[in-house]
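Since we're looking at a predicted model, the values are computed, not measured. In what follows, chains are A, B, ... by sequence order, proteins preceding strands, each numbered from 1.
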Protein chains: 2
Amino acid sequence: MIDPEGMLPVYVQVADVIAARIERGDLVPNRPIPSETALVQEFGVARGTARHAVEVLRERGLVATIPGRGTFVLPPK
Amino acid sequence: MIDPEGMLPVYVQVADVIAARIERGDLVPNRPIPSETALVQEFGVARGTARHAVEVLRERGLVATIPGRGTFVLPPK
DNA sequence: CTATATTTGTGCGTATGTATG
DNA sequence: ACATACATACGCACAAATATA
């Protein structure tokens, strides 16, 4: 699923997987994406890497993070 | 007591101290070990570190945690 | 039944150190 | 020097489970 030896950095690969789930409707607007801890377990990456992936999703305008609550899928514009 | 500059991670050091107390009979089977908050105060560590220490003790099969109740010393095998 | 206190569970924010390419 | 990635450790806030008044 995630290839540490791949062309793209691990955090981008993780971001892409989550973005694809949003695109597919697997993750829906106003609902949280998996927590950082969940991403760590699912993808087998460090927490810093999971956070970096979520940061990418924020920069893409796909999600918004509420401190202490979670990161939520934004409605499509 | 706990050496942040030591060879072992703080959470392992804390786990070792508690394990020693169980070994010595200071903490007895079917009775709770100190709460996370108590460990935080006693050892001067963050709660996450205290939780990590308890996690280690669970992995060693020394204790079992019941949500909302506490973490209890298991009877020796 | 309600309210409060305690304890564990979860979530994010941040910083530091180490290692690798 | 820099980016990537992991591990450790600090902090805060709120939710869930449990026990008790």
For a quick check of understanding: with a heavy-atom distance under 4.0 Å over all strands, which category does A:Gly70 fall into, base, sugar-phosphate or nothing? sugar-phosphate
Provide, to the nearest angstrom, the distance between the CD atom belonging to B:Glu36 and the C1' atom belonging to D:dC12. 15 Å
Do the side-chain N or O atoms of B:Tyr11 get closer than 4.0 angstrom to the phosphate oxygens (OP1, OP2) of D:dT8? yes
B:Thr49 and B:Tyr11 have their tightest heavy-atom pair at O-CB, 3.7 Å
For residues B:Val12 and B:Val40: do they belong to one hydrophobic cluster (side chain heavy atoms under 4.5 Å, members Ile, Leu, Val, Met, Phe, Trp, Tyr)? no
Write down the distance between CZ (A:Arg51) and C1' (D:dA9), rounded to a whole number of angstrom. 14 Å
Have a look at B:Val54 and say if it touches a base, only the backbone sugar-phosphate, or nothing, with a 4.0 Å heavy-atom cut-off. nothing
Only pairs with both distances under 3.5 Å count, Watson-Crick or wobble alike; so what is the partner of C:dT18 in this structure? D:dA5
Write down the distance between CZ (A:Phe43) and P (D:dT4), rounded to a whole number of angstrom. 18 Å
Over how many whole Å does the gap from A:Leu39 atom CG to D:dC6 atom C1' extend? 16 Å
For a salt bridge (Lys or Arg N to Asp or Glu O under 4.0 Å) check, start with the C-alpha distance between B:Arg60 and B:Asp16, then their side-chain angles and the critical distance, and finish with the verdict. CA-CA 11 Å; B:Arg60 293 183 188 171; B:Asp16 285 343; 2.9 Å; yes
Taking all non-hydrogen atoms of both residues, which atom of A:Val54 and which atom of A:Val63 are closest, and how far apart? O-CG2, 4.2 Å
OP1 or OP2 of D:dG11 under 4.0 Å from side-chain N/O of B:Arg47: no
Min and max contacting nt of DNA chain C in 5' to 3' order, chain B heavy atoms within under 4.0 angstrom, are C:dT7 to C:dT10
Determine whether more than 12 heavy atoms belonging to other residues, nucleotides or ligands lie under 6.0 Å from atom CD of A:Glu23. no
Note: for B:Pro4 and A:Arg69 on DNA chain D, the residue whose nearest nucleotide lies more 5' is B:Pro4
Whole Å only: how far is the CD atom of B:Glu55 from the P atom of D:dA7? 13 Å
Closest heavy-atom pair, A:Asn30 versus A:Phe72, reported as atoms and distance to 0.1 Å, is O-CD2, 3.9 Å
Specify the separation, in whole Å, of atom CZ of B:Phe72 and atom P of D:dT18. 11 Å
Under 4.5 Å between side-chain heavy atoms, counting indirect links through other Ile/Leu/Val/Met/Phe/Trp/Tyr residues: same cluster for A:Val56 and A:Val45 or not? no
